[in-house]
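Values below: all heavy atoms of this structure, side chains included; hydrogens, waters and symmetry mates excluded. Since this is a predicted model, take the numbers as computed values, not measurements. Sequence positions, counted from 1, serve as the residue numbers for this chain.
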Amino acid sequence: MTPLHLKLKNFLSYREETDLDLAPIRIACLAGDNGAGKSALLDAMTWAIWGKTRASNDREVICIGETEMEVTFIFRLGERDYRIFRRRSFARGGASGQHTLEFYIGAPGSDDWLPIPGDNVGETQEGTVGVLNMDYETFVNSAFILQGKADSFTQKAPSERKKILGDILNLQEYDELAR
């Protein structure tokens with residue numbers, strides 16, 4: 001997966017809409033003072049894709065005093081471009097709110113985006129995981145090391161490590177062939 005574009009609003013330290021064109025970047029180093037928002041950019045990507053961050057819930061990643069946050073993330077996987085839009089809103093003073101997830105694939109030879117269907121957030125999330133062939137746990141234990149959790153994989157039980165490695169190597173295909 002190659003990040004191409006990231007747009008976020010009211011996400012952690014990014015209160016104002018922030019629009020980043022990542023397409024020309026091949027290798028990046030995020031450097032800056034503590035609290036400058038480096039990890040927030042990476043959290044925005046994982047939140048857009050899987051709805052998960054290093055925080056325990058969405059209320060911890062919305063800007064203080066705000067009721068709605070959103071992230072749009074465009075990435076390339078193989079030869080295709082994908083766009084994910086996720087919005088989370090909370091009612092003032094209440095626990096309920098709305099959660100929106102939209103997933104699109106770039107139409108070949110055009111600037112149009114074709115929706116990847118899902119009747120609700122859960123179904124759309126399943127479609128996203130299916131396209132990536134990777135869930136959040138596999139991602140943060142292989143390609144992306146969470147801040148302060150470099151030993152996360154080694155701390156897992158052997159069965160969990162086996163599952164993660166099996167997911168990375170796509171070993172379930174061999175199980176299907178054996179059946």
Can you tell me how far apart CZ (R83) and NE2 (H5) are? Round to the nearest 0.5 Å.
10.0 Å
Close side-chain approach of T46 and K52, heavy atoms under 4.5 Å:
no
Donor-acceptor pair, D21 side chain versus P24 backbone, under 3.5 Å?
no
Hey, does S39 have a side-chain heavy atom less than 4.5 Å from the side chain of R54?
yes
Begin with the C-alpha distance, continue with both residues' side-chain angles, and end with the deciding distance and a verdict on side chain to side chain contact (heavy atoms under 4.5 Å, CB included) for I105 and D81.
CA-CA 6 Å; I105 186 168; D81 291 351; over 6 Å; no
To the nearest 0.5 Å, atom OG1 of T128 lies from atom OH of Y136 at 15.5 Å
Can you name the closest pair of heavy atoms from I49 and M1 and give their distance?
CD1-SD, 3.7 Å
Chi angles and distances behind the side chain to side chain contact (heavy atoms under 4.5 Å, CB included) call for R80, V131
CA-CA 11 Å; R80 303 298 299 266; V131 165; over 6 Å; no
Single-linkage hydrophobic cluster, 4.5 Å side-chain cutoff, F73 and I25 together:
yes
Interatomic distance, W113 atom CH2 to F85 atom CZ [nearest 0.5 angstrom]
14.0 Å
Does Q125 reach the main-chain N or O of V121 with its side chain, forming a donor-acceptor pair under 3.5 Å?
no
Transitive ILVMFWY side-chain link L77 to L4, under 4.5 Å:
no
If Ile, Leu, Val, Met, Phe, Trp and Tyr residues are connected whenever their side-chain heavy atoms lie under 4.5 Å apart, and connections chain through other members, are I116 and Y104 in the same group?
no
Is it the case that one hydrophobic cluster holds both V129 and F139, taking links as side-chain heavy atoms less than 4.5 Å apart, direct or via other members?
yes
Do we see a donor-acceptor contact under 3.5 Å between the side chains of D58 and H99?
no
Going by side-chain contact (heavy atoms from CB on, under 4.5 Å), L8 matches just one of L6, L12, N10. Which one?
L6
Would M45 and L22 count as a side chain to side chain contact (heavy atoms under 4.5 Å, CB included) if you check the C-alpha gap in whole Å, the side-chain angles of each, and the deciding distance to 0.1 Å?
CA-CA 12 Å; M45 292 178 198; L22 305 169; 3.9 Å; yes
For residues 1-17, the salt bridge (Lys or Arg N to Asp or Glu O under 4.0 Å) pairs (sequence neighbours left out) are R15-E66
Is the shortest heavy-atom distance from the side chain of I84 to the side chain of F75 under 4.5 Å?
yes
I'd like to know whether E70 forms a side chain to side chain contact (heavy atoms under 4.5 Å, CB included) with R86, so could you lay out the CA-CA distance, the side-chain angles of the two residues, the decisive distance to 0.1 Å, and finally the verdict.
CA-CA 6 Å; E70 61 185 53; R86 189 179 296 265; over 6 Å; no
Within a 6.0 Å radius of atom CD on E123, are there more than 12 heavy atoms belonging to other residues, nucleotides or ligands?
yes
Spacing of CZ belonging to R88 relative to OG1 belonging to T100, to within rounding of 0.5 Å
9.5 Å
Which residue pairs pass the salt bridge (Lys or Arg N to Asp or Glu O under 4.0 Å) test with at least one member in residues 25-42, sequence neighbours excluded?
none
Do other residues, nucleotides or ligands put more than 12 heavy atoms under 6.0 Å from L177 CG?
yes
Is T124 reaching over with its side chain to a backbone N or O of N120, donor-acceptor style, under 3.5 angstrom?
yes
Taking a hydrophobic cluster as the set of Ile, Leu, Val, Met, Phe, Trp and Tyr residues connected by side-chain heavy atoms closer than 4.5 Å, whether directly or through intermediates, do I74 and F103 fall within one such cluster?
no
Distance in Å, D43 CG paired with S13 OG, rounded so as to fall on 0.5 Å steps:
10.0 Å
So which heavy atom on G37 is nearest to which on Y14, and how close?
O-OH, 3.0 Å
Students often mix this up, so state it plainly: with edges at 30° and 60°, are the rings of F11 and W47 parallel, tilted or perpendicular?
tilted
Is the NZ or CZ atom of R76 both under 6.0 Å from the centre of the six-membered ring of Y82 and within 45° of that ring's axis?
no
